[in-house]
Amino acid sequence: MRTQIIGTGFVTGEHLVKNEDLAKLMDTSDAWIRERSGIEQRYYVEAGTATSDLGLGAAEKAIADAGIDKGEIDYIVFATMTPDHYFPGCGGLLQHKLGLKTIPALDIRQQCTGFIYGLQICDALVRSKVARTVLLVGAEVHSGFMPWTQWDHLFGREGPAPTAGEKDWNSKFRDRTVLFGDAAGAVVLQAGEGESGLLGFKLHSDGSDFKSLYVPSGGFASRPYVSDTDFKAGRHIPEMDGRAVFKMAVKRMPEVVREVCGESGYGVEQIDLLIAHQANLRICEVVQRSLGLADEKVFNNIQRYGNTTAATIPIALDEARKAGRVKQGALVCFVGLGAGFHWGAALLRA
Ligand code: UT7
């Protein structure tokens with residue numbers, strides 16, 4: 001018996017924002033963003049739409065795709081680093097929004113590796129028979145992190161353009177803000193007979209270098225945990241040493257793909273489709289080259305969505321399935337690395 005993915009789905013924020021639109025708010029350009037990251041556009045939600053709302057949309061699509069009654073879901077695992085509230089987490093909010101019985105709902109926060117960690121938890125829940133039908137959601141509303149206030153201007157509505165001072169402030173964070181988008185992806189998992197299903201996992205964590213990507217304020221290492229001083233200094237916005245994260249990703253991701261393949265009894269060359277966390281197309285390209293995989297064995301879509309953290313892998317899986325790129329019996333490998341740092345890989349027989 002193996003844990004199978006029986007349905008997938010995703011939604012994005014409702015506002016499509018192209019690179020050149022961001023140049024209205026800060027000193028950046030389409031050429032810079034494309035060259036450094038491969039990103040061409042991303043989506044942002046309208047103010048008031050929260051991560052659990054996007055999670056709901058993705059969950060409904062995955063449930064419909066699975067062809068099950070939503071009442072069959074008996075466990076929710078929700079991965080996000082941008083929860084609606086400091087507490088409670090999004091899992092319980094989603095249980096309520098879906099109108100489910102009082103089933104268990106677990107929140108996990110492994111950032112860009114959240115979906116892979118979530119898959120391992122779901123696999124354990126299903127194979128231990130703790131749960132029969134699990135809903136796994138990866139969802140993010142990153143727009144709350146953005147330093148600007150000129151949303152109407154960005155969305156092409158009537159509203160003030162940034163002043164020179166505001167543009168300078170927005171530009172201070174441009175290395176990070178241009179990368180992220182709002183979206184959610186979901187999968188439904190169930191036990192099934194036969195060859196297909198999750199085959200193996202290899203996960204790692206190392207908190208020693210967490211300051212290379214973290215949010216300085218808004219946590220209980222500070223008293224009070226939110227303050228006007230921190231807000232004015234922009235310490236509620238993620239800080240990132242982009243070069244350090246890039247180097248870590250291109251080392252750790254191929255390494256952990258080799259580990260999961262080796263421990264599960266496969267050669268890397270047997271991978272039919274690699275779905276890597278979509279943080280930067282240049283990272284994905286280095287990982288692909290390092291693993292020696294041909295273009296037809298890799299699926300990337302960051303060009304259209306940006307980095308949606310816990311949502312990138314389920315979105316890519318849904319698009320790859322619907323584009324016919326996940327053939328019956330194919331060996332699919334998921335890999336990711338993100339803040340924490342957490343990284344890992346999983347193998348799936350489609
Ligand atoms: O899921 C994990 C999340 N994070 C990541 O995966 C991030 C990994 N790192 C990266 O993707 C890259 O490091 C970035 C795309 C973030 C940055 O690319 P980079 O090649 O490392 O650029 P840099 O930060 O070294 O900046 C190079 C130049 C700087 O200007 P000067 O000092 O050379 O004059 C920056 O100020 O590019 C400038 N710059 C920008 N220019 C226009 C930084 N961001 C921008 C921008 N537009 N958005």
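As a basis for the values below, the full set of heavy atoms in this structure was taken, side chains included, without hydrogen atoms, waters or symmetry mates. Whatever order the structure lists ligands and atoms in, that order sets their numbers, starting from 1.
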Closer than 4.0 Å and a protein heavy atom, does any atom meet both conditions relative to [atom]?
atom: atom 16 (C) of ligand 1; value: yes
atom: atom 31 (P) of ligand 1; value: no
atom: atom 11 (O) of ligand 1; value: yes
atom: atom 24 (O) of ligand 1; value: no
atom: atom 34 (O) of ligand 1; value: no

Considering only non-hydrogen protein atoms, determine which one is nearest to [atom] and report residue, atom name and distance to 0.1 Å.
atom: atom 3 (C) of ligand 1; answer: Asn307 ND2, 3.7 Å
atom: atom 1 (O) of ligand 1; answer: Cys112 SG, 2.8 Å
atom: atom 4 (N) of ligand 1; answer: Met240 SD, 3.4 Å
atom: atom 5 (C) of ligand 1; answer: Val245 CG1, 3.6 Å
atom: atom 37 (O) of ligand 1; answer: Trp32 NE1, 3.1 Å
atom: atom 27 (C) of ligand 1; answer: Arg36 NH1, 3.6 Å
atom: atom 36 (O) of ligand 1; answer: Arg174 NH2, 2.9 Å
atom: atom 9 (N) of ligand 1; answer: Gly242 O, 2.9 Å

| said: Tell me whether the count of non-hydrogen atoms from other residues, nucleotides or ligands lying under 6.0 Å of CZ in Phe231 goes above 12. | reply: no
| query | Taking everything shown except Arg34 itself, do over 12 heavy atoms lie less than 6.0 Å from its CZ? | reply | yes
| task | Under the side chain to side chain donor-acceptor pair (under 3.5 Å) rule, what do Gln41 and Asn19 come out as? Steps first, then yes or no, please. | result | CA-CA 6 Å; Gln41 59 177 52; Asn19 292 343; over 6 Å; no
Salt-bridge criterion met for [X] and [Y] (N-O under 4.0 Å):
X: Arg174; Y: Asp27; value: yes
X: Glu285; Y: Arg289; value: no
X: Glu319; Y: Arg304; value: yes

Side-chain H-bond candidate by donor/acceptor type, [X] with [Y], under 3.5 Å:
X: Ser205; Y: Tyr117; result: yes
X: Asn307; Y: Arg42; result: no
X: Thr309; Y: Gln111; result: no

| field | Contact (N/O only, under 3.5 Å) between Asn280 and ligand 1 | value | yes
| field | Polar atom proximity, Arg243 to ligand 1 (N or O, under 3.5 Å) | value | yes
| task | Run the contact test for Ile283 against ligand 1 with a 4.0 Å cut-off on heavy atoms, strictly below, and give the result. | result | yes
| note | Closest heavy-atom approach to atom 47 (N) of ligand 1 among Thr312, Asp241, Thr28 is made by Thr28
| Verdict with reasoning, Arg321 to Thr8, per side chain to side chain donor-acceptor pair (under 3.5 Å) | CA-CA 9 Å; Arg321 281 180 74 219; Thr8 58; 2.6 Å; yes
| Going by the order shown, which atoms of ligand 1 are within less than 4.0 Å of some heavy atom of His277? | 1 (O)
